[in-house]
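First up is the structure itself, then whatever we jot down about it.
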Amino acid sequence: MLDHATRRLGALGLAVAAAVFAPDASAQVQRTFVNLGFEQPALTGSNCFLILPVGLVPGWATDHPSNLATGSCSLAGVTNGASINGPVEIWRGPAFSSVPPRAGDQHAELNAYTPSRLSQTICLTNGERVDWRLSHRGRNSNITPDVMNFNIDSTANTVAVLSSTTVAGGIPVCVDSGNVDNISCTVAAGGNGWADYSGSFNWNGTSGNHNFGFQAVGGGAAGNFLDDIQVTLRPYLEFDPVSYTTREAQAVPSLPTIRITGTVPAGGITVLVNVTGGTATAGGDYLINGGNVNVTIPAGTYDDNRFPIPITIIDDGVIENNETVLVQVLPNAAAYTLASTTSCGSATVQNTATLTILDNDVDLRTTKTNSGNATPPAGGTTQFTVAYTNNTAKPTVGDTTAHDAIATITDAVPAGLTFTSWTCAGSNGGVCSAASGSGAISGSATLPAGTGGVAGGTVTYTINATLGAAQCAVITNNASIATNAPLGEGVAAQAGFTTPVPGGSANNSASATVDPMCADLTITKTQPGNVTTYTPGDIATYTIQACNPTGPDGANGATISDPLPSGVTLTGPWACVGSGGGSCPATGGNLGDTSVAIAGVNLPVNACVDVTVNVRFSPNANAY
């Protein structure tokens, strides 16, 4: 319904609707009347009139033949005496010629130079109800009425014939005419000689564009004042489009939306929507109220605005297939008409829609091992292998890429280690952010989900690391992987969906250790009786003692080495004895050897080994 009051309400309705969804430029169906009180354009002056071209009067068309512009009001672009097409006569109050407008500041006279018809074209649907109201007044006589005809397309579809004098309104003649099936037709006094006519009818004609006209019947060049027209058409609505896709945890979900064009009266309307099926489960995958997802649309005038259905998508933490929700708009002829909002008279009405909910849950996994020397000496080297994996299978219902991940991966360098170099290789579709590098690992990895119910892509880093020269404490090297929005870490898998058993966030990180072997070894050499000189050609004996008095680690596989001076050779094998848990080969070496070399010496903390060595000095040997 549109009048000067409802138009103001309509402006508010448009502002509210725009905050929800903006109009779509593809609109083709006209369901709203405009400027039904002839308040536009606003003329300059008071208690005056102006005959102006219909092109300056928003919303209206006329069959009045061309004539001249004239009047006592003024308007930019209108020159008195100029020839104009489609003359329309507007009077401006407060009471020009003692005739105040029925509402607002202005009203129209149908008989400008000759009886004429003012009209607007609107899309109608076969079988729909139309409610109407208008104010009509005679101009010249309190006895002889001015007569006008309210019709659709032509007098063949007459809604009402209205007769009004300057003081009262006559009983309207409302009969079934052509495609018009009248329900009611009444008149009431509107004051100041205006009569307020109203009625309702069912349109039994074709679905399509039809012309609502207000036509003067006789009266010459004066008469038939018209104002405050109100026509109530139930708005058209449908789903548009009919397929929607949204993802769990999506900040602004893409939900099925009702597209509406037309006028919603004061109090608003409720669009009846039901969930009719789908693979998603109410309460587990989405929330609705009372089994329906009705849409409340406030009063206003809408030109292809959109209202989403009130459904809440649940982020459930369950790795599952993509799922669907099927919804349907139910008819409610008293509040709205199910019809195409883009093509007037179309037989296709989009009253059902499908919402596909894409799963956002995946299981990302990190594994890490020390693949080198787990117990190198301080300053030594080791190697780590870390693998980052999308431990999730693809959905079998599109979009099948829903479980593919671009994950954040990290492997910081712990104190006491240096990552001298690393390489990265992808498998099962995994893509490294770089093939090689050094230092800490930080960045993204592309990890698609797996096909056939198995795990997906992996990127594997091989890290070469060097220990600090004084590093003796155990070092733990941590690596981790994390999802990025809109993906989340799944904690369980849906029954019936084949995917590896998820580990939740517990398997997002992994660590490996390196335990440097550190021991403070001592070695001493003594001769019996502290003899310090020997005669060339003599035989001598001395003892080597190696110990690990303080640790902190045991020394396994140590080597004792003692090169002999020139002219000094072994007289036979050396002998080694351990104490305090120390061990070594019992004997070794041969007659004539020029050095002592003992491998495989094990020295736990507080252990020692003693090696007895017999040597001969050649006649030309130096002192030893």
Side-chain angles (χ1 to χ4, degrees), residues 364-389 391 409-427 430 432 434-443 445 455 458-481 503 505-523 546-561 578 580-585 597-609:
L364 301 183
R365 181 182 65 193
T366 302
T367 57
K368 189 176 183 70
T369 61
N370 187 318
S371 53
N373 187 354
T375 58
T381 62
T382 191
Q383 188 178 79
F384 298 99
T385 300
V386 57
Y388 303 100
T389 302
N391 191 43
I409 58 173
T410 58
D411 194 330
V413 182
L417 278 182
T418 299
F419 287 0
T420 54
S421 66
W422 49 258
T423 59
C424 180
S427 59
C432 305
S436 61
S438 61
I441 295 170
S442 178
T458 295
V459 292
T460 303
Y461 285 79
T462 302
I463 305 167
N464 297 312
T466 299
L467 282 70
Q471 181 65 41
C472 287
V474 175
I475 302 173
T476 300
N477 182 202
N478 296 310
S480 64
I481 190 170
S505 58
N507 65 357
N508 288 168
S509 60
S511 61
T513 60
V514 57
D515 185 5
M517 297 302 297
C518 295
D520 188 10
L521 303 181
T522 64
I523 191 165
C547 296
N548 182 6
T550 60
D553 295 316
N556 296 323
T559 298
I560 298 173
S561 178
S583 64
C584 55
I598 308 172
V601 177
N602 298 319
L603 291 170
V605 179
N606 296 321
C608 293
V609 295

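Counting from 1, the numbers follow the sequence of the chain as shown. Bear in mind the structure is a predicted one, so any value in this text is a computation, not a measurement.
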Here the salt bridge (Lys or Arg N to Asp or Glu O under 4.0 Å) pairs for residues 367-379, sequence neighbours left out, are K368-D411
Check: L603 main-chain N/O paired with N548 side-chain donor or acceptor under 3.5 Å
yes
Pairwise distance OG1(T410) to CD1(I441) - rounded to 0.5 angstrom:
9.0 Å
Taking only residues at least two apart or on different chains, which pairs with a member in residues 461-471 satisfy side-chain hydrogen bond (donor to acceptor under 3.5 Å, both in side chains)?
Q383-N464, S421-N464
At their closest point, which heavy atom of V386 faces which heavy atom of A479, and how far apart are they?
CG2-CB, 3.6 Å
What is the distance from atom CG of N477 to atom CZ of F384, rounded to the nearest 0.5 Å?
4.5 Å
Just by distance, no angles: are the side chains of T366 and S480 close enough, under 3.5 Å, to form a donor-acceptor pair?
no
Sequence neighbours excluded, which residues qualify as side-chain contact (heavy atoms from CB on, under 4.5 Å) partners of S427?
T458
Which residue is it: T375, N370, N373? I am looking for the one with a side-chain hydrogen bond (donor to acceptor under 3.5 Å, both in side chains) to T382.
N370
Could you tabulate the donor-acceptor pairs under 3.5 Å formed by side-chain atoms of residues 505-520, not counting sequence neighbours?
from, atom 1, to, atom 2, distance (Å)
N507, ND2, D363, OD1, 3.4
N507, ND2, D363, OD2, 3.3
N508, ND2, L364, O, 2.6
N508, ND2, E489, OE1, 3.4
N508, ND2, E489, OE2, 3.3

Where is the tightest heavy-atom contact between V609 and G582, given as atom of each residue plus distance?
CG1-C, 4.2 Å
With heavy-atom distances below 4.5 Å as the criterion, would you say the side chains of P414 and T476 are in contact?
no
Write down the atom of S438, the atom of T420, and the distance for their closest heavy-atom approach.
CB-O, 3.4 Å
For V605 against G551, the heavy-atom pair lying closest together:
CG2-CA, 3.8 Å
For T385 and S371, which heavy atoms make the closest approach, and how far apart are they?
OG1-OG, 2.9 Å
Using the rule given for side-chain contact (heavy atoms from CB on, under 4.5 Å), can you reason through T389 versus T367, listing the C-alpha separation, both sets of side-chain angles and the distance that settles it, and then say yes or no?
CA-CA 8 Å; T389 302; T367 57; 5.7 Å; no
Pairs flagged by salt bridge (Lys or Arg N to Asp or Glu O under 4.0 Å) wherever residues 373-388 is involved - sequence neighbours left out:
none
One should read off an interatomic distance between I409 CD1 and C432 SG, to the nearest 0.5 angstrom, of 7.5 Å
Is any side-chain heavy atom of T381 closer than 4.5 Å to a side-chain heavy atom of L467?
no
Please list all pairs passing the salt bridge (Lys or Arg N to Asp or Glu O under 4.0 Å) test where one or both residues lie in residues 600-609, with sequence neighbours left out.
none
In terms of heavy-atom contacts, V459 and C424 come closest through CB-SG, 3.9 Å
